[in-house]
Amino acid sequence: MKPAVTYELIHECKQTGARRGVVHTPHGDIQTPVFMPVGTQGTVKSMTPEELKEEVKAQIILSNTYHLYLRPGNKIVKEAGGLHKFMNWDRAILTDCGGFQVFSLSDLRTITEDGVEFKSHLDGSKHFFSPEKVMEIEEDLGADIIMSFDECCPYPSTYEYTKQSMERTTRWAKRCKEAHKNTEKQALFGIIQGGFYEDLRKQSAEDLIKLDLPGYAIGGISVGEPKEEFLKILRYTAPLMPKDKPRYLMGVGSPDYLIEAAIAGIDMCDCVLPTRIARNGTAMTWNGKVVVRNATYERDWSPLDAECDCYTCRNYTRAYIRHLIKANEILGVRLLSIHNLRFLTKLMERVKIEIERDNLGNFKEEFYQKYGYKK
């Protein structure tokens, strides 16, 4: 039986080895490499689905199992006809497993082989996530791509703790595969763990690949470590992943990390960064970050980014957006969110073109210089 999600390789950049491909899903094709906006609670903050499609040009969004389980509840989403219908989004959706949130948001949690008991960050009520429970929730939500339940190690962690955590993640992935029933409409991805230890990453990848899942992700990096350590583990782990399946790097959304991910052979990335910094009055532009709330933009009648084609840059000035942000007007956050999300989807469109031109390495150098990154 054909899996719900498949990967088609179109071109490999001769200069860097980056991949240009297509991920085929039940809700449309995704041209890769791709940045996925995060809609944690069934919405990308302040954005309508129409804006995401028409202005941002988003191909796929990500939602969160932990948050939707707590509120409004997976059974309510199922009653609504699944997350696509509930939120009026007809393109692909990926739901993460909630593991990261269970470990990062919950003050009190108990990890056993069966799963994790935790207290809700909303009201302190007790809950229990097992691999089987997570599969039930994710099937109710109905996303095209669902993630297996994993244990996300904090940074830094000892070798022994990381090893135990990685091995448990593999055992949980096996249980997820056994519990996952809706294979015709949903693809279950495994999450490679192992912290910052190469031998553990290798073991995790090898063990998960034996499960023959439709796709694989790298978890547990971009969690506060120095950039050198991030790059070292990314570049080591990505080549271990199957070439004929989608490769997903979790929780990455800064422009430099997105380009580095593509060069390493990653197809999919996600992050809350563009909407989070929008709420702080910050824009990403082709010439670096612009903190638009700063006084220097009080009489700046130029667009946020002269090279951007988004709704915000076509219609509004830096001075006006600064005024909105200073006055705590919702429109300011919305306009910055549209711009930042479009900036990242546009960046990945350009990355795809440069891969096809076998020129991604040169583009990276030019982009870093223009954006203000140090090599």
Side-chain angles (χ1 to χ4, degrees), residues 40 63-71 73-75 94-141 143 145-182 186 188-197 199-213 216-225 237 248 250-251:
T40 301
S63 284
N64 183 266
T65 295
Y66 169 91
H67 287 284
L68 291 171
Y69 159 77
L70 290 177
R71 185 175 55 192
N74 49 297
K75 295 305 176 190
L94 183 153
T95 44
D96 63 12
C97 65
F100 179 79
Q101 285 72 29
V102 166
F103 294 104
S104 63
L105 292 180
S106 180
D107 293 330
L108 291 168
R109 61 179 185 273
T110 308
I111 308 167
T112 65
E113 190 59 29
D114 287 339
V116 185
E117 184 180 68
F118 62 95
K119 283 190 175 181
S120 163
H121 73 288
L122 298 174
D123 60 9
S125 57
K126 277 191 176 181
H127 301 268
F128 185 76
F129 270 10
S130 65
E132 293 77 13
K133 179 66 176 176
V134 168
M135 288 299 95
E136 178 193 322
I137 298 165
E138 292 199 84
E139 288 193 26
D140 285 348
L141 297 176
I145 298 170
I146 65 175
M147 304 307 296
S148 61
F149 192 45
D150 67 328
E151 183 182 341
C152 189
C153 273
Y155 175 84
S157 290
T158 65
Y159 183 88
E160 205 48 50
Y161 180 87
T162 306
K163 184 173 188 288
Q164 289 172 6
S165 170
M166 177 272 291
E167 289 170 347
R168 181 180 287 127
T169 290
T170 301
R171 291 192 296 272
W172 283 358
K174 288 176 185 171
R175 286 167 56 188
C176 284
K177 184 181 178 181
E178 286 165 13
H180 178 227
K181 301 291 184 278
N182 194 12
Q186 293 184 306
L188 173 65
F189 282 22
I191 303 174
I192 297 167
Q193 290 289 357
F196 293 85
Y197 305 98
D199 61 327
L200 298 183
R201 287 281 170 183
K202 186 170 188 288
Q203 187 67 53
S204 178
E206 287 174 356
D207 291 345
L208 289 171
I209 288 166
K210 286 174 190 168
L211 296 178
D212 193 26
L213 299 169
Y216 291 90
I218 300 175
I221 61 173
S222 189
V223 288
E225 75 282 356
T237 309
Y248 166 30
M250 306 178 82

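Side-chain N/O atoms of S125 and D123 include a donor and acceptor closer than 3.5 Å. In summary, the side chains of Y159 and D199 do present a donor paired with an acceptor at a separation below 3.5 Å, with no hydrogens or angles considered. A donor-acceptor contact under 3.5 angstrom links the side chains of Y66 and H121, judged on distance only.
Annotation for R71: atom CZ does not count as buried by contact number, only 12 or fewer foreign heavy atoms lying within 6.0 Å.
For the side-chain hydrogen bond (donor to acceptor under 3.5 Å, both in side chains) with N64, the lone residue among T40, D96, T95 that qualifies is D96.
Under a 3.5 Å cut-off, the side chain of Q186 and the backbone N or O of E138 do form a donor-acceptor pair. No donor-acceptor pair under 3.5 Å is formed between the side chain of E117 and the backbone N or O of K126.
Shown here are the side-chain contact (heavy atoms from CB on, under 4.5 Å) partners of T158, two or more places apart in sequence or in another chain: E160, Y161. With sequence neighbours excluded, the residues that form a side-chain contact (heavy atoms from CB on, under 4.5 Å) with S148 are A173, C176, L188, I191. Here E136 pairs with N74, K75, K133, D140 under the side-chain contact (heavy atoms from CB on, under 4.5 Å) rule; sequence neighbours left out.
Between the SG atom of C153 and the CD atom of Q193 there is a distance of 6.5 Å, given to the nearest 0.5 Å.
No side-chain heavy atom of T65 sits under 4.5 Å from any side-chain heavy atom of F149.
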